[in-house]
Amino acid sequence: MQELIRKLLVALGEDPDREGLRDTPKRVEKAYTFLTSGYRADIARVLNNALFTVDYSEMVIVKDIDFYSLCEHHLLPFFGKCHVAYIPSTKVIGLSKIPRLVDVFARRLQVQERLTNQIADTINDTVKPLGVAVVMEATHLCMSMRGVEKQNSFAVTSAMHGAFRDSARTRMEFLELIKLRSAVPGLRDALSPGLACVGED
Ligand SMILES: [Zn+2]
């Protein structure tokens with residue numbers, strides 16, 4: 001990877017041997033290795049021993065989970081807050097595992113819609129709850145930094161399963177509790193995902 005970063009610096013018109021850039025390939029490799037460490041994480045292992053059988057069927061919410069990811073179209077960051085809720089059937093998951101799970105999927109090259117779905121699907125498949133909801137709000141630097149449609153550089157996506165999909169009341173309760181930073185028209189009714197990074201240019 002370091003050789004590639006060096007070539008990239010040259011292609012950008014830089015001198016990779018000047019003092020400030022000498023260690024840049026090494027640093028960038030280290031940074032990218034960390035930022036994509038989700039590819040090498042084992043979900044089963046992350047969630048191992050964290051499922052507990054309980055007699056509890058009220059909504060569990062973990063909100064305002066900070067996340068940082070990289071858009072797969074530009075390799076630029078998108079970051080924001082993730083809100084997760086589920087209604088247990090027979091099992092709950094250790095609360096600290098939910099932010100870990102978000103990190104596992106965020107630390108990959110992503111689009112916000114897929115990231116949202118992967119978190120929801122994984123909770124659905126492992127916890128088998130009566131319902132699960134994930135809402136993500138993020139700023140996309142590939143849009144805000146490049147000055148492309150500035151008003152759309154903030155995107156909200158959602159994934160709903162089970163009770164959150166079937167019951168408007170359950171969905172509303174969740175949305176009330178997380179109090180979205182942005183009032184996204186249509187989200188409350190249709191829960192249609194906002195537009196994340198869609199640029200191919
Ligand atoms: Zn992008």
Side-chain angles (χ1 to χ4, degrees), residues 1-14 16 20-21 24-41 43 46 62-84 98-124 132-161 175 178 180-188 190-201:
M1 206 188 297
Q2 290 185 35
E3 195 46 44
L4 291 170
I5 304 299
R6 210 185 133 80
K7 282 183 182 155
L8 177 63
L9 290 171
V10 173
L12 292 174
E14 267 292 356
L21 292 179
T24 295
K26 203 189 300 172
R27 289 192 207 98
V28 172
E29 179 181 49
K30 201 174 163 200
Y32 270 116
T33 301
F34 175 75
L35 297 175
T36 60
S37 56
Y39 288 120
R40 296 170 292 281
I43 298 285
V46 169
V62 182
K63 63 176 198 166
D64 293 328
I65 302 166
D66 288 314
F67 76 90
Y68 297 86
S69 190
L70 288 173
C71 98
E72 67 183 18
H73 299 136
H74 303 94
L75 303 188
L76 286 171
F78 67 96
F79 57 92
K81 303 273 186 199
C82 176
H83 316 287
V84 175
I98 291 179
R100 286 285 316 278
L101 194 62
V102 171
D103 279 344
V104 164
F105 290 111
R107 287 178 189 157
R108 300 177 185 198
L109 304 186
Q110 282 287 9
V111 294
Q112 189 178 328
E113 292 89 336
R114 186 175 62 227
L115 174 57
T116 309
N117 282 329
Q118 285 174 334
I119 296 163
D121 289 346
T122 302
I123 294 171
N124 210 30
V132 59
V134 177
V135 169
M136 302 189 90
E137 322 171 64
T139 299
H140 290 249
L141 289 191
C142 63
M143 288 194 272
S144 45
M145 280 183 84
R146 296 190 311 144
V148 186
E149 300 179 61
K150 276 191 194 299
Q151 68 276 21
N152 287 332
S153 64
F154 185 80
V156 181
T157 49
S158 68
M160 307 269 164
H161 293 297
L175 294 173
I178 62 172
L180 288 181
R181 170 149 87 88
S182 59
V184 178
L187 181 73
R188 269 150 200 276
L191 287 160
S192 57
L195 262 193
C197 162
V198 289
E200 258 104 59
D201 54 340

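Quick note: residue numbers are just sequence positions, from 1. Each ligand, and each atom within it, is numbered from 1 in the order the structure gives. Predicted model only: the values in this text are computed from it and were never measured.
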- Query: Who are the salt bridge (Lys or Arg N to Asp or Glu O under 4.0 Å) partners of Arg108, not counting sequence neighbours?
  - Reply: none
- Go through the structure and list residues passing salt bridge (Lys or Arg N to Asp or Glu O under 4.0 Å) with Arg114, not counting sequence neighbours. Glu72
- Can you tell me, to 10 degrees, how wide the angle at the Zn ion (ligand 1) is between SG on Cys142 and SG on Cys71? 110°
- Any N, O or S atom of His74 closer than 2.8 Å to the Zn ion (ligand 1): yes
- Message: When you measure from the Zn ion (ligand 1) to the N, O or S atoms of His140, does any of those distances fall below 2.8 Å?
- Response: no
- Query: Looking at His83, Lys81, Gln112, which one forms a side chain to side chain donor-acceptor pair (under 3.5 Å) with Glu137?
  - Reply: His83
- Verify whether one side chain among Ser69 and Gln110 offers a donor that lies under 3.5 Å from an acceptor in the other. no
